[in-house]
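Side-chain atoms are counted along with the backbone in the values below, which use heavy atoms only and exclude waters and symmetry mates. Each chain gets a letter, A, B and so on, in the order the sequences are listed, and its residues count up from 1.
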Amino acid sequence: MIIRRQDRVLVQGITGKQGTFWTERMQEYGTNVVAGVNPKKAGTTHCGVPVMATAVDTMSEVGFDYSILFIPPLLVKGAALDAIEAGPKGVCILTEHVPVQDIMYVMSAAKERGVQILGPNTAGCVTPGEAFLGFMPAFNANIFQKGHIGIISRSGSLGTLFSLNVVSAGFGQSAFIGIGGDPIIGTTTRDALIALDQMAETKAVVMVGEIGGTMEETAAEYAASMSKPIVAYIAGGAAPEGKKMGHAGAIVVGDKGTYKSKRSSLEAAGVTVLDTPAGAVSVLRERLGAAA
Amino acid sequence: MNFEEHAAKPLLRAAGIATPEGKLVSTAAEAGEIAGGLGPCVIKAQVPTGKRGKAGGIKLADDAATAKRYANDILGMEIAGHRVESLLVEQQVPISREFYAAVLTNAASKGPIILFSTEGGMDIEEVAATSPDSLLQLEVDINKGVEPAVIKSMLAPANLGVVETEVTQVLSRLYDVFSRNDAELVEVNPLVETQDGRIIALDCKFSMDDSGLPRQHETAATGTPEKLSELEERGVELGLKYIELDGNVGILANGAGLTMTTMDVVSYYGGKPANFLEIGGESYTKAKPALELVLSNPSVKSLVVNFCGAFARCDVMTEGIIDAWLELEPDIPIFFSIHGTGDVEAIAMLKQRMNMDPFKDMDSASKAAVEAAQ
């Protein structure tokens with residue numbers, strides 16, 4: 001999911017504390033927020049935009065391209081299904097701890113309607129100089145600058161660290177895609193890689209993965225076909241087996257989801273895999289200097 | 001959350017899947033008594049882990065005296081770090097064929113998947129490796145559910161004969177167990193055909209999605225919570241994600257990805273992390289109790305604090321750390337790396353109150369902490 005300046009954004013849960021705070025930040029940055037949803041406050045105005053009863057109502061009365069959810073875990077399914085029924089381009093789910101089976105319902109409906117899902121358990125996405133969705137510090141000039149490096153990250157905090165490295169090395173980002181730390185997510189590493197490959201402004205990719213699942217291995221198959229250089233980091237090499245490392249998706253079970261498997265798949269696909277984040281700056285200069 | 005067999009089987013029975021007659025006991029005397037009523041029976045250690053048979057935690061007993069003796073042997077045994085405190089005593093079943101059946105979360109299809117194999121009784125990983133053709137799979141669209149006719153055609157290659165209809169029904173019911181209980185996995189291995197043609201679930205492994213626990217109170221209460229250390233228990237009480245590890249470099253960072261990475265970097269420079277502790281998301285205001293928790297571990301010889309603020313503000317987190325540090329006056333060195341939202345204010349605060357500067361990046365801070373711990 002790559003958000004553009006002209007994209008019309010709906011904020012579901014706009015009247016809550018986090019919804020309000022981050023809607024204001026998004027508006028200040030340039031995100032085109034056109035409406036919010038709160039069934040109990042429909043008809044009022046919040047953050048300067050109309051509050052609607054449902055996403056479906058918003059689509060017929062205002063129109064929107066993307067919806068972003070500031071909604072508690074057990075209410076995400078209902079809100080996301082409402083958004084999908086309205087038929088936008090995409091829905092971004094920030095919430096952590098959404099039951100996995102609820103997400104299965106959301107994914108099934110999204111597939112049927114052709115709606116992209118970003119998340120759950122993501123910090124959102126940023127297109128520097130244009131717009132952002134979620135709670136990324138897009139407005140911090142040390143972390144985000146307009147440029148040509150696309151960043152994919154399962155983790156918000158680690159994605160922020162690599163963004164900082166990219167900017168302090170003198171580069172900027174074409175787009176940041178936070179895909180989320182849950183075991184089942186809408187936009188996978190591979191999906192995000194394809195989006196960045198197809199984005200003209202992106203000349204190189206930084207992929208920030210972590211242990212658990214097989215998303216990095218699947219992405220490696222596509223990476224092998226790409227001509228844009230890719231630099232990757234996989235978090236969790238030092239994590240013990242069988243423990244969920246903060247993210248529900250970050251768990252090694254037996255020989256599945258291991259650091260080794262991810263690293264060797266990516267290296268076989270021609271991706272440079274970093275030992276530590278500090279290596280990013282020099283490798284970026286070396287591999288991306290000419291490209292970016 | 002994992003469930004022991006005795007807690008998983010009632011979920012099967014509630015959905016209409018037969019299990020052997022039996023009872024949960026906690027003493028050898030009780031085991032003997034129950035076995036006396038059941039006749040030839042199986043004594044099964046109740047621990048939330050697989051491979052109980054290989055560890056000697058499952059025994060067949062033909063009479064009450066043998067049952068009592070085996071129960072005595074198994075109680076108190078350690079299996080994969082779990083002490084056996086209870087046993088399931090079940091009637092033996094005359095087995096004709098053993099199958100494998102499961103419904104689980106499948107990340108690739110983003111939905112449930114039903115698995116079935118005629119090679120029951122062994123590890124499914126082994127079945128997948130040695131006879132992949134015997135492993136039948138059916139991806140389900142959770143919005144549509146699964147019709148018995150679809151399960152029946154999935155089962156066709158297994159040539160089940162007269163029991164095909166009943167196995168179909170069991171798989172359909174197993175899918176209900178999965179969807180009603182926020183399961184991640186419900187596995188029956190073996191599912192057996194008895195000599196008189198009945199289909200019975202001899203074992204059951206069940207794990208519930210942790211995010212589903214808040215709406216599954218009644219069932220969740222019968223599960224086995226993860227075994228936590230005293231410090232990990234305190235982390236849960238404080239609402240912090242804390243995992244105790246066996247090293248001596250204390251770690252405090254914001255966000256799961258960054259915290260994992262701090263562990264990786266400490267390991268890369270030859271150190272051993274003493275813990276995983278993240279204070280990201282909504283818990284970023286808990287820096288003070290978080291620091292107290294890390295320092296409660298007597299193995300900690302140095303501490304690395306790594307912040308990269310996004311949603312979490314570096315100034316708020318750093319203030320909490322400084323407050324706790326000045327109050328506790330710990331006798332170990334501390335190493336900071338601070339970047340992102342609120343970093344300027346945080347760095348000024350650190351200089352003013354502790355007369356310290358952060359390291360230029362997490363690599364140098366982690367390296368310094370590793371050297372100090374040696």
Which region of [X], side chain (C-beta onward) or backbone (N, CA, C, O), has a non-hydrogen atom less than 4.5 Å from a non-hydrogen atom of chain A, or is it both or neither?
X: B/Thr341; result: both
X: B/Asn106; result: backbone
X: B/Ser366; result: neither
X: B/Leu277; result: neither
X: B/Lys144; result: side chain
X: B/Met263; result: both
X: B/Phe307; result: neither
X: B/Asp361; result: side chain
X: B/Asp141; result: side chain

Chain A: which of [options] shares the most heavy-atom pairs with it under 4.5 Å?
options: B/Asp363, B/Leu245, B/Val265, B/Ile142; result: B/Ile142
options: B/Ser267, B/Ser179, B/Gly212; result: B/Ser179
options: B/Pro214, B/Pro112, B/Pro273; result: B/Pro112
options: B/Thr105, B/Asp210, B/Leu258; result: B/Leu258

What is the distance from atom [atom1] of [X] to atom [atom2] of [Y], rounded to the nearest 0.5 Å?
X: B/Ser211; Y: A/Asp182; atom1: OG; atom2: CG; result: 6.5 Å
X: B/Tyr268; Y: A/Asp275; atom1: OH; atom2: CG; result: 4.0 Å
X: B/His339; Y: A/Asn142; atom1: NE2; atom2: CG; result: 10.0 Å

task = Output yes when a side-chain donor or acceptor of A/Gln101 lies under 3.5 Å from a complementary backbone atom of B/Phe178, and no otherwise.
result = yes

query = Can any side-chain N or O of B/Lys110 pair as donor or acceptor with the backbone N or O of A/Gly186 at less than 3.5 Å?
reply = yes

message = Do B/Asn143 and A/Met104 make a side-chain contact, defined as non-hydrogen atoms from C-beta onward lying under 4.5 Å apart?
response = no

query = What's the shortest heavy-atom distance between A/Ile184 and B/Ala107, and which atoms?
reply = CG1-CA, 4.0 Å

inquiry  = Can you confirm whether the side chains of A/Ser157 and B/Asn254 place a donor and an acceptor under 3.5 Å from each other?
reply    = no

Donor on one side chain, acceptor on other, A/Tyr233 and B/Asp264, under 3.5 Å = yes

Contacting moiety of [X], where chain B heavy atoms sit under 4.5 Å:
X: A/Ile234; answer: backbone
X: A/Ile143; answer: side chain
X: A/Ala138; answer: neither

